[in-house]
There are 2 protein chains.
Amino acid sequence: MNIGEIAKRAGVSRSTVSYALSGKRSVSEETRRKIQQVIDELGYRPNASARALANGRTSTIGLVFPPAGAHYTGMQLDFIGSVVEAAAAYDYDVLLSPSGVDSDRSFQRLLAERRVDGAILMEIRLRDDRVDHLVAENFPAVCIGRTAHPDSDWWVGLDHTALVEACVHHLADLGHHRVAFVNRPEHLLRSGYESAHRGLDGFTKAAAERGLTARTYSCGDDAPSGQACLERILHDDPATTALVTLNEAALGGLYRGLAVAGRHVPRDFSVTGVVASRWAETVTPQLTAADVPAEQMGRLAVELLVERLGHPDTAPRHHLLAPPISLRASTGPAHPRTGSDS
Amino acid sequence: MNIGEIAKRAGVSRSTVSYALSGKRSVSEETRRKIQQVIDELGYRPNASARALANGRTSTIGLVFPPAGAHYTGMQLDFIGSVVEAAAAYDYDVLLSPSGVDSDRSFQRLLAERRVDGAILMEIRLRDDRVDHLVAENFPAVCIGRTAHPDSDWWVGLDHTALVEACVHHLADLGHHRVAFVNRPEHLLRSGYESAHRGLDGFTKAAAERGLTARTYSCGDDAPSGQACLERILHDDPATTALVTLNEAALGGLYRGLAVAGRHVPRDFSVTGVVASRWAETVTPQLTAADVPAEQMGRLAVELLVERLGHPDTAPRHHLLAPPISLRASTGPAHPRTGSDS
DNA sequence: CTCCTTCGTCGAACCGGTTCGAAAGCGAGC
DNA sequence: GCTCGCTTTCGAACCGGTTCGACGAAGGAG
């Protein structure tokens, strides 16, 4: 059931079938109908590998996936979903590439073996080998996140600095003086993980500006770590009345820690941070947070990539997003704890 | 940088390079070294499309993704991650196919255009066109979930009936008499969604066996729907003291509804169900639940598929998993509400 | 009636691999 | 010395598309 078979049954040459399908040269109405009829009868679809070999385009984009074995967060899932959906709208398939332990191997696979026309990278680091590599080869790629030298790349990113600053200002406006920052795990910070660094910067800066007493913590990406982290916070400074977090996966644990410590949210303690709205709404009380527009970011990344694929030598473009804080139910005015603890 | 270039620089023919690489015929140690040296110098990797065209294998498996635009649950994310990881171990890439609105188009794309060697399907329905289609074509596929005629398919599934039964027995053992079942959304039930149906069956059967007063509800896949559903439950029968749920995404809303209604978990109300452990641990109190072994299921699915690809005409194989209930903190003995409500 | 376009179609080459049959080189056996 | 068999290498065909140059027929202009 290849193009030769169709040609034979339609009584024309292979090239005529190809042109009838692609429309790159005119074909008489009559033969076009005949060919279409044969194709419909046999349910023919052109072989993707052969097509890719011949015209050099695979109609596939690679999505470089967070390290395998890690704790995926809801945000990442939303990215993946929206990327797949947006790509389908442009007739692209999405190939997942685990950037796991031997990330090089699967990465090489994508690029050097020409499995994809372009790539979207998640989980960017400030200094990122993968990005350097792609830029050096001028390979069409778009990052979800920014490196330290963002002008030479294509990316769509979140202004974590501004978002965390906004969270701190929100808390300061409510009268909080002693606040904590719950960051992603230590090893991500050390490896230069973008959002962790920029978020931390924003926190430190805004806390200084507002004259707050601030402490920062790293916390594992899971609920038990969140609970432990909260215990540490209250142990280090029992007078803490609010926290800001980037750590979506630890959120449930932070809440549990507060409940265990007898701190009511938002009466005794305010919580805010940067979390996708869909997940901010699953906790009780619902989280006042900067809404990560994961769906939009995935879509924008695909749009940028498609544009770049269409116009290979355009100057880099980017989108820096700074979604507003959605006021929900997890923050309130500070009530300094008086007397002994409950 | 193709095989011809390598051949030229190594002073041999293209076929010799090919054999040196594949090892399908012997090549003298000397020429093999020479070829390898040239390859290392130039960083050559064979073109995937050409290879796929020539030998008929793409080294890619398709993962048929839940409908686009739906609310993804954490479980699904875990599946995807584990499938990608397991596939990488067998040197397969994973191509995502959204089975969205015009699922046929992208589905056809995968199969008819030969983009993948095999496929893994998620979100199975009891009567599933996609599965029928694949079985009819004898296309190598493995389902995560069972259809109504499971003997002719390859699948790895969860015994939702048994799991929900176990949940009901657990509640009955604790002395609960009036229990509710929170299912997936109505439209999924209507479309024959497997876990929703089997779970419901298990609930109904076990509740009858134990002589419980039981009500069943459909609930949207998000927190607000969960909260609304819980209100409905307490409105319909304020004496309800426990619920079983399959609806992971609504769980946060159910908890919130209980908090709003002043029912303490687990003192006044027990909650249990079927939820991946990683997510069961993020809520407070942690959910006593049958742990969905998403990671294991993804891995098993890949293993079955690889096996099927290796031995095309083996009889169908499957794995039916029935993980145990993990006792956490969300269930307790029934204390019939006495007097007026709080 | 010829000359020049335009339209529709065909054959051949090409994309970059794999694979098969055959041939060349070489030592062993008779 | 000749044949046989083994190892190593080569050339050609093939996978299933796309694309380019050319060619015949039809139509219009002169």
Side-chain angles (χ1 to χ4, degrees), chain A residues 1-39 42-60 91 93 108-117, chain B residues 1-39 42-60 91 93 108-117:
Chain A
M1 221 162 311
N2 55 27
I3 203 174
E5 187 72 12
I6 303 296
K8 197 183 302 171
R9 303 210 189 193
V12 298
S13 73
R14 302 198 303 149
S15 51
T16 301
V17 175
S18 179
Y19 286 125
L21 249 41
S22 69
K24 295 193 178 175
R25 278 195 193 177
S26 59
V27 170
S28 76
E29 187 51 35
E30 191 191 339
T31 51
R32 182 197 311 286
R33 259 206 314 278
K34 177 61 182 160
I35 289 171
Q36 191 57 51
Q37 180 190 331
V38 174
I39 285 177
L42 273 66
Y44 164 77
R45 308 223 51 186
N47 179 303
S49 304
R51 195 206 287 268
L53 176 58
N55 67 15
R57 301 173 2 96
T58 59
S59 295
T60 303
D91 263 316
D93 282 330
Q108 280 307 315
R109 212 174 138 116
L110 280 201
L111 305 199
E113 299 186 5
R114 310 239 121 76
R115 272 173 207 276
V116 299
D117 295 337
Chain B
M1 219 160 313
N2 54 29
I3 202 174
E5 187 72 12
I6 303 296
K8 198 183 304 174
R9 303 209 189 197
V12 299
S13 73
R14 303 196 304 148
S15 53
T16 301
V17 176
S18 179
Y19 286 126
L21 250 40
S22 69
K24 294 193 179 174
R25 279 197 193 173
S26 61
V27 170
S28 76
E29 189 50 33
E30 190 191 340
T31 53
R32 183 198 309 284
R33 258 206 314 278
K34 176 65 184 156
I35 289 171
Q36 190 58 51
Q37 181 191 331
V38 174
I39 285 178
L42 273 64
Y44 165 77
R45 309 223 49 185
N47 179 303
S49 303
R51 192 205 290 266
L53 175 58
N55 67 13
R57 301 174 3 97
T58 61
S59 296
T60 303
D91 262 315
D93 282 329
Q108 280 306 314
R109 213 174 140 117
L110 282 201
L111 306 199
E113 299 186 5
R114 311 238 122 78
R115 270 173 209 276
V116 299
D117 295 337

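In the text below, chain A, chain B and the rest are named by the order of the sequence lines, each starting its count at 1. The shown structure was predicted, so the numbers you read here are calculated from the model rather than taken from an experiment.
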Rounded to whole Å, CD of A:Glu5 lies from P of D:dG16 at a distance of 11 Å
message: I want to check one thing: is the phosphate of C:dG8, taken as OP1 and OP2, less than 4.0 Å away from some side-chain N or O of A:Ser26?
response: yes
Sorted by chain and residue number, the side chain to side chain donor-acceptor pair (under 3.5 Å) partners of B:Arg9 (sequence neighbours excluded) come out as B:Glu5
- prompt: Regarding A:Asp93 and A:Thr60, is there a side-chain donor-to-acceptor distance under 3.5 Å anywhere?
  reply: no
Minimal heavy-atom distance between A:Asp117 and A:Ser59, with the atoms involved, is OD2-N, 2.8 Å
A:Asn47 meets the side chain to side chain donor-acceptor pair (under 3.5 Å) criterion, sequence neighbours left out, with none
Judged by nearest nucleotide, the residue sitting upstream toward the 5' end of DNA chain D, A:Met1 or B:Glu29, is B:Glu29
From CZ of B:Arg32 across to C1' of D:dT8 the rounded distance in Å is 11 Å
Quick note, side-chain hydrogen bond (donor to acceptor under 3.5 Å, both in side chains) partners involving residues 17-30 of chain A, not counting sequence neighbours, are A:Ser28-A:Thr31
* Asked: Considering only heavy atoms from C-beta outward, does the side chain of B:Thr58 approach that of B:Arg51 to under 4.5 Å?
  -> no
From CD1 of A:Ile35 across to P of C:dG8 the rounded distance in Å is 13 Å
> So, is B:Ser13 near the phosphate of D:dT9, with a side-chain N or O under 4.0 Å from OP1 or OP2?
Replying inline: no
note: A:Leu53, atom CG; C:dC15, atom P; distance rounded to Å ~ 9 Å
ask   = So what does B:Ser28 touch, heavy atoms closer than 4.0 Å: a base, only the sugar-phosphate, or nothing?
value = sugar-phosphate
Sugar-phosphate, base or nothing in reach of B:Thr31, heavy atoms under 4.0 Å
sugar-phosphate
Between CD of B:Glu113 and P of D:dG17 the distance, given in whole Å, is 10 Å
note: B:Arg115, atom CZ; D:dG17, atom P; distance rounded to Å ~ 12 Å
When rounded to whole Å, the CZ to C1' distance for the pair A:Arg33 and C:dG8 reads 15 Å
Rounded to the nearest 0.5 Å, the NZ atom of B:Lys34 sits from the OG1 atom of B:Thr16 at a distance of 14.0 Å
When the rotation axes relating C1' atoms of four end pairs to the next four are compared across the helix from C:dC1-D:dG30 to C:dC30-D:dG1, five pairs an end, they differ to 10° by 60°
side-chain contact (heavy atoms from CB on, under 4.5 Å) filter on A:Ile39, not counting sequence neighbours, yields A:Ile6, A:Leu21, A:Ile35, A:Gln36, A:Tyr44
Can you tell me if A:Asn2 touches the phosphate of D:dG16, counting only side-chain N or O atoms and a distance under 4.0 Å to OP1 or OP2? yes
*Between the main-chain N or O of B:Arg114 and the side-chain N or O of B:Arg109, is there a donor-acceptor pair closer than 3.5 Å?*
no
Quick tally for nucleotides 18-24 of chain D: nucleotides whose base has a protein heavy atom under 4.0 Å get B, sugar-phosphate-only ones S, the rest -, giving BBBBB--
Separation of D:dC15 atom P from B:Arg57 atom CZ, nearest Å, is 18 Å
